[in-house]
Amino acid sequence: MSQIVRMFLLVFVVAFGLMYATAYLNKSEGYSGDNTLTVYNWGDYIDPELLEQFEEETGIKVIYQTFDSNEAMMTKIKQGGTTFDVAVPSEYAISKMKEDDLLLEIDHSKLSNLEHIDERFMHLSFDPENAYSVPYFWGTVGIVFHPDLVGDLTFESWDDLWDPSLKNNVFLLDGAREVMGMGLNSLGYSLNDTSEDHLQEALAKLSELTPNVKAIVGDEIKMLIANEEAAAGLVWSGDASEIMYENEELDYVVPKEGSNLWFDNMVIPKTARNLEGAHQFINFMLDPEVAAQNAEYVGYSTPNKEALALLPEDISGDERFYPDEELTERLEVYDNLGPRMLSHYNELFLEFKMHRK
């Protein structure tokens with residue numbers, strides 16, 4: 001027994017020594033306490049040069065981590081094992097995080113650049129006073145396609161995806177809200193519909209799409225469509241922009257029946273330790289020149305009206321990614337449907353995916 005105790009003490013001493021050495025080294029490099037900021041964001045969703053610029057301007061070391069879904073992000077923050085100072089959830093996730101008391105209020109007095117945000121993107125339903133979130137990017141869900149590979153189809157209607165000529169020639173992004181929303185919108189229903197009859201009707205119609213669906217994929221959808229592995233795909237507008245940059249023959253459209261208008265906003269999780277640094281980072285990202293550089297790098301639409309004026313005309317004037325009010329009036333923000341209904345959406349989506357097999 002005494003040998004086990006000695007072994008335990010030895011392991012403890014070594015572990016403590018390593019922790020102390022790491023902390024000492026970090027401190028000697030200025031990377032401890034208020035000099036460190038942990039940012040939790042989507043993959044490939046910021047210009048890396050801007051992280052370096054922020055570090056140079058503030059002396060704060062940025063630890064940058066990524067997630068691939070709002071659900072994964074919320075779970076990790078709720079578990080509390082890792083401290084995140086800034087995160088970038090989508091609108092319905094922000095609503096859920098507020099309900100679960102996972103967010104801290106943002107001090108607007110520390111955000112001198114907040115005035116540059118277009119009023120259209122402030123005071124929205126998921127955070128009416130912007131007490132907990134600040135706009136980062138926004139966009140739509142639509143169809144990217146190769147005109148030479150789809151004949152006379154224009155995709156002005158969702159129903160074009162069901163055309164028999166597209167057999168095994170459509171990619172869908174792997175998202176329950178996006179795919180179920182497409183099915184609901186194609187029937188004239190809201191993408192936030194909770195009617196069981198309407199949801200089953202949407203599932204039945206999606207099942208009819210199965211012969212045309214080549215694959216349901218994640219981030220690789222960008223490479224696959226750019227390489228013309230399929231004629232059309234359901235994508236987020238930012239991905240469409242990136243795809244079209246790689247292949248200029250492609251086009252993007254939001255169908256007339258309506259679709260999703262989404263927002264990704266910056267928030268401060270309740271576990272944040274560097275509140276001052278978090279406000280500095282958010283304010284830095286709201287700077288028009290920074291926001292313009294970021295929008296050009298990422299390819300998504302900026303809510304920063306001053307940044308928009310700095311972007312090249314071929315970007316800022318492209319109504320596919322900066323649509324007019326007539327189109328945006330037909331778009332809906334995802335509501336927080338509650339855990340039970342969100343689980344049901346996921347179950348229906350899984351049923352659709354299993355039906356394909």
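Numbers here simply count residues along the sequence, with the first being 1.
There is a side-chain donor-acceptor pair under 3.5 Å between Y189 and E201. Counting only N and O atoms by type, the side chains of Y136 and N294 include a donor and acceptor under 3.5 Å apart. Counting only N and O atoms by type, the side chains of N304 and T302 include no donor and acceptor under 3.5 Å apart. A donor and an acceptor atom, one from each side chain of Y300 and D239, are located under 3.5 Å apart. D264 and Y45 are linked by a side-chain donor-acceptor pair at a separation below 3.5 angstrom, with hydrogens and angles left out of the test.
By the criterion of side-chain heavy atoms lying less than 4.5 angstrom apart, applied directly or through intervening Ile, Leu, Val, Met, Phe, Trp or Tyr residues, Y245 is not grouped with V253; the two fall into different hydrophobic clusters. In this structure, V88 is a member of the same hydrophobic cluster as Y297, with clusters built from ILVMFWY side-chain heavy atoms closer than 4.5 Å. At a threshold of 4.5 Å between side-chain heavy atoms, the hydrophobic network of Ile, Leu, Val, Met, Phe, Trp and Tyr places L308 and L310 in two separate groups. Follow the hydrophobic side-chain contacts under 4.5 Å out from F67 and you never reach I63; the two are in separate clusters.
For W158, the ring pair (Phe, Tyr, Trp, His ring centres under 6.0 Å) test picks out no residue, with sequence neighbours left out. A search for ring pair (Phe, Tyr, Trp, His ring centres under 6.0 Å) contacts involving Y345 returns nothing, not counting sequence neighbours. Remark: D193 engages no residue in a salt bridge (charged side-chain N to carboxylate O under 4.0 Å, His left out) (not counting sequence neighbours).
Residues R177 and D335 are not paired through a salt bridge, judged by the lack of any N-O separation under 4.0 Å between the basic side chain and the carboxylate.
With K222 contributing its side chain and E246 its backbone, the two residues share no donor-acceptor pair below 3.5 Å. Remark: side-chain polar atoms of E249 are not paired, donor with acceptor, to backbone N or O of H146 under 3.5 angstrom. H123 contributes a side-chain N or O that, together with a main-chain N or O of P128, makes up a donor-acceptor pair within less than 3.5 Å. When atom types are taken as modelled, the side chain of N260 and the backbone of V141 share no donor-acceptor pair closer than 3.5 angstrom. Listed for the N247 side chain is no donor-acceptor partner under 3.5 Å among the backbone atoms of I225. Judged by distance alone, the side chain of W138 and the main-chain N or O of W262 form no donor-acceptor pair under 3.5 Å. In this structure, the side chain of D118 does not engage the main chain of P303 through any donor-acceptor pair within 3.5 Å. Put simply, the side chain of N283 gets close to the backbone of N113: a donor and an acceptor are under 3.5 Å apart. Of the possible polar contacts, none joining the E306 side chain to the H116 backbone as a donor-acceptor pair under 3.5 Å is found.
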Q. Can F54 and L37 be said to form a side chain to side chain contact (heavy atoms under 4.5 Å, CB included), step by step?
A. CA-CA 11 Å; F54 176 77; L37 186 79; 4.1 Å; yes

Q: Apply side chain to side chain contact (heavy atoms under 4.5 Å, CB included) to the pair L250 and M244, showing each step before the final yes or no.
A: CA-CA 6 Å; L250 300 173; M244 291 160 60; 4.0 Å; yes

Q | side-chain hydrogen bond (donor to acceptor under 3.5 Å, both in side chains) between Q53 and E49, intermediate numbers included | A | CA-CA 6 Å; Q53 181 180 333; E49 291 184 2; over 6 Å; no

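Listed by first and then second residue, the ring pair (Phe, Tyr, Trp, His ring centres under 6.0 Å) pairs involving residues 304-333 are Y252-F321 (not counting sequence neighbours). A salt bridge (Lys or Arg N to Asp or Glu O under 4.0 Å) check over residues 272-296, counting only residues at least two apart or in different chains, returns the pairs K110-E276. Applying the ring pair (Phe, Tyr, Trp, His ring centres under 6.0 Å) test to every pair with at least one member in residues 87-115, sequence neighbours left out, gives no pairs at all.
At least one side-chain heavy atom of L206 sits under 4.5 Å from a side-chain heavy atom of M180. In this structure the side chain of M122 reaches within 4.5 angstrom of the side chain of P135, judged on heavy atoms. Residues F349 and D174 form a side-chain contact, since some pair of their non-hydrogen atoms from C-beta on lies under 4.5 Å apart. Annotation: side chain of Q280 is not in contact with side chain of N274 (no heavy-atom distance under 4.5 Å).
Each of N212, L153, D160 was compared with S165 under the side-chain contact (heavy atoms from CB on, under 4.5 Å) criterion, and only L153 meets it.
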